Amino acid sequence: MTTTAPPPQRTEARPRTPVLASTGHPAVRPPTAAHLSDEQVAQLGRELDAIRDRVLASRGAKDARYIRRVIKVQRSLELAGRVTLLFSRRKSALIAGTAMISIAKILENMEIGHNVLHGQWDWMRDPDIHSTTWEWDFVSPAQTWKHTHNDLHHTWTNVVGRDKDVGYDLLRMDEEQPWTPFALGNPLYNLVLMPFFEWGIALYDLELEAWRTGEKSSDELKRDLRLTAKKALHQFTKDYAATPLAAQLVSRSGRNALIGTFTANCIRNAWAHAVIFCGHFPDGVDTFTEEMIEGETRGDWYIRQMIGSGNISGSPLMHLMTGNLSHQIEHHCFPDLPSNRYAEVAPHVREICERYGLPYTTGPLPRQVFQAWAKVCRLAVPPQGLGPWLREELHARFGSGSPTRLPKRAVNAAPPTVRRGAAPLVAHVL
Amino acid sequence: MAQIHALRRVASLLLTPLEPEDVLGLVNPLASYRQLRGIVTQVTEETADSRTIHFRPGRGWNPHDAGQWARIGVEIDGVRHWRSYSLSAPEGADPAITVTAIGVVSTELVRRTKLGDILFLDVPQGDFVLPRHPRPLLMLTAGSGLTPVMSMVRTLIPRRPDADVVLIHSARTRVEALFHDELLELADQFPALTVKHWFTREGQGRRLDLTEVTDLETVCPDWRGRAAYACGPADFLDAAAALWESELAAEADDAAEALMIERFAPVLLPGAAGEGGLVTFEKSDKEVETPGDCSLLDAGEQAGVVMPSGCRMGICRSCLTPLVAGRVRDLRTGEVHGDEGELVQTCINAPAGPVHLDI
Ligand SMILES: Cc1cc2nc3c(=O)[nH]c(=O)nc-3n(C[C@H](O)[C@H](O)[C@H](O)COP(=O)(O)OP(=O)(O)OC[C@H]3O[C@@H](n4cnc5c(N)ncnc54)[C@H](O)[C@@H]3O)c2cc1C
Ligand code: FES
């Protein structure tokens, strides 16, 4: 029984986000790229596609050996570190064990986990190193993180209001985000976020805000809560119960083992936090409005990724320890190319930026971190300074006779629909 | 056992999200949580283009029945490829496959496999196996189709003096004939086995003609009284099936029962290909524009999706994948089918328009 072609609406009813326009231009081209014509943008897109195709064509056994070697080193370090902590009564053992676990966790989260979960190694078809099977040493479950990160952040990169990574619903990280007194706490929140970054991300990946506004169903939230609770329990048990207990039994060094695992987690968290803040918050990195993505072509999409990201310069070791997020620009242009190949495409991307008169933001880690922190502090205060707000507040609280108290919100003329939470605070995580 | 289980749980607590096997894998290449593996213990040259590869499988392997096949995965330039190979070793022995180089994977196996290499494996399967009760047998094989039958012969002949097996094997020349000397020695040593080689390219050589009974009557006059097994190229098997159908339909209740067939490649309808379309692998978040003659399985693998598969020819159903939307074309029949939620065999179906798969 042969039937004719399927009714087309069956698949068309399931559009995939976001479909880029093949020609034309966005409603508004970002100011940084406003000097480029449609034809130039299309040509830029073709040039970047060609870079990508070259890497795809040469992917092979060498790359496979690379990721397997990194995984082997990481697992050996993790194992050695944990065994060392079992005997951590001696201070030297405590320090060595903590160092090894810290490095193992950093490698696992960054060069391995983040990149495997991006599908950078899926082409090997190895179920042991695959985005659909990988689970990482991080509180946020791979599945929920992949959604907020791969689907949302990488699609809406730096579009204020869309990319929740702009501030993670917590920090005010862009001038476009309306100021509220809550933003005064920016530096404090960021300081607390730093050592507990993985918990912050786990909370953020639950997308409570999307649930509150109805974009995310209660069933989805329940599922994510269940996943996260289970994952968090496992992670917590490993580092803060099983390892100290084993150390206690083996050499009565439970307390030191606990100190070791806690410190290792903090070091990894602070490092990840620093690297990630360098990705989209240093000076020179642009954010975008919704008109700038309306009608975006492939070339425009590439431009947004390039001018919305910042690199970290440094040695090959630095690139490894940042999971090649030091090549944030290349990563955003080609999120599924194997991370070990970003270094090789970087000069070409940079050359393209120069030739088309686009900025290519990069700098050493301390400078980029400083700039990101400076932004956190700068945006804690409203654009017109604290003065007007303080006057209003004082007036409202202690002022004479005024019958109506101004609602706090009136201070900044934000449209009332925009809630603080809707503004991506830390929106750019990786 | 319970102790191992308890130990494993404790280790998991300390290693999560890794599994104990992930860490054991640092020292034992066979340890894996997700993927059965084997280590190559011996490679023997059979003919210029074929090798027998012996391997020791890791935990989780099931001993094979004579005639069964297993899925073998090989890494070629960093990418894993899977094909099926019949196990040529006798029942009870360590498994071995005998591969003839004809394409990508077989050539890699034949030319590159060394001692100590790792093969990725799936457990043996297939029902091309010896009958449960003793009866006279006729084996009809051609080329590499001898492999599963070789396992049967090696299993049956030395152990059962009462067996009665006639093996007709067709090969181009003596030097290209698999297991040539071993078969002659076995036939010499055990009266239970009669071997007839048929060389198509030697002397007056021509193909064994199965479109009518003459050749068969000459080589094995009592063929009608034997349970037959056939394995070889598609046209060889098609001719055998037609012959049994026409000659024995009256006598046997079911010609299919009198003749068992093992195919190494699917029978595709010429020109079954249609338009093709965009295939979306939803869970893997991949899309591939796929031509109408390319199976969904190949398309998925090319996109880096880990696709379940087995025989890759439409018999084992290991590749079943839920169809979310769209229609697919059966490459064997040309039939266009597909309902939402239907499990489709990705190895023999190609997209007929846009297709969404739940994988
Ligand atoms: C149940 C089963 C058991 C099998 N057992 C064996 C075995 O014991 N030994 C063995 O060598 N192979 C066996 N095969 C075949 C094997 O799985 C592969 O198909 C074969 O090795 C070719 O794979 P490749 O990647 O080398 O060729 P590909 O590169 O995939 O194909 C190369 C070309 O050869 C054609 N081709 C594929 N298979 C055959 C064939 N059998 N004869 C002629 N042309 C073919 C293809 O259509 C293609 O055009 C078996 C297959 C099945 C399904
Ligand atoms: S792989 Fe065996 S039926 Fe598809």
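Computed from a prediction, not measured in an experiment: that's the story for all the values here. Just so it is clear: chains get the letters A, B, ... in the order the sequence lines come, proteins before strands, and each one is counted from 1.
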Side chain / backbone / both / neither for A:Thr132 at chain B, heavy atoms under 4.5 Å: side chain
Which residues in residues 303-313 of chain B have a heavy atom less than 4.5 Å from any heavy atom of chain A? B:Gly304, B:Val305, B:Val306
So which of A:Met124, A:Glu135, A:Arg75 has the biggest tally of heavy-atom pairs under 4.5 Å with chain B? A:Arg75
Output side-chain donor-acceptor pairs under 3.5 Å for residues 1-10 of chain B, partner residues at least two apart or in another chain, one line each.
unit_1: B:Arg8; atom_1: NE; unit_2: B:Glu21; atom_2: OE2; d: 3.3
unit_1: B:Arg8; atom_1: NH2; unit_2: B:Glu19; atom_2: OE1; d: 3.4
unit_1: B:Arg8; atom_1: NH2; unit_2: B:Glu21; atom_2: OE1; d: 2.9
unit_1: B:Arg8; atom_1: NH2; unit_2: B:Glu21; atom_2: OE2; d: 3.2

How long is the straight-line distance from CG of A:Leu79 back to CG of B:Leu24, given to the nearest 0.5 Å? 9.5 Å
Whether over 12 other heavy atoms sit under 6.0 Å from A:Tyr240 OH: yes
Going through the distances and angles, do B:Ser32 and A:Asp128 end up as a side-chain contact (heavy atoms from CB on, under 4.5 Å)? CA-CA 8 Å; B:Ser32 169; A:Asp128 284 333; 3.2 Å; yes
Can you tell me which portion of B:Glu301 sits under 4.5 Å from chain A's heavy atoms? Options are side chain, backbone, both or neither. both
Let me know if B:Leu18 has heavy atoms under 4.5 Å from chain A in its side chain, its backbone, both or neither. side chain
Part of A:Ala61 lying under 4.5 Å from any heavy atom of chain B: both
Please report the shortest heavy-atom distance between A:Arg125 and B:Val79, naming the atom on each side. CZ-CG1, 3.6 Å
State, to 0.1 Å, how close A:Ala64 and B:Gly78 come at their nearest heavy-atom pair, and which atoms those are. CB-CA, 3.9 Å
Select one option (side chain, backbone, both, neither) describing which atoms of A:Asp126 are under 4.5 Å from chain B's heavy atoms. both
Which distance, rounded to the nearest 0.5 Å, do you find between the CG of B:Leu15 and the NE2 of A:His234? 12.5 Å
What part of A:Arg65 lies closer than 4.5 angstrom to a heavy atom of chain B: side chain, backbone, both or neither? neither
Pairwise distance OG1(A:Thr133) to OH(B:Tyr33) - rounded to 0.5 angstrom: 10.0 Å
Looking at CH2 of A:Trp123 and CG of B:Asp77, how far apart are the two atoms once the value is rounded to the nearest 0.5 Å? 7.0 Å
Can you confirm whether A:Lys146 sits close enough to B:Asp285 that some side-chain heavy atom of one is under 4.5 Å from a side-chain heavy atom of the other? no
How would you list, in number order, the residues of residues 101-113 of chain B that have a heavy atom less than 4.5 Å from chain A? none
Please collect all salt bridge (Lys or Arg N to Asp or Glu O under 4.0 Å) contacts where either partner lies in residues 247-263 of chain A, sequence neighbours excluded, each pair once. none
Between A:Ser76, A:Ala142, A:Gly119, A:Pro127, which has the largest tally of heavy atom pairs under 4.5 Å with chain B? A:Pro127
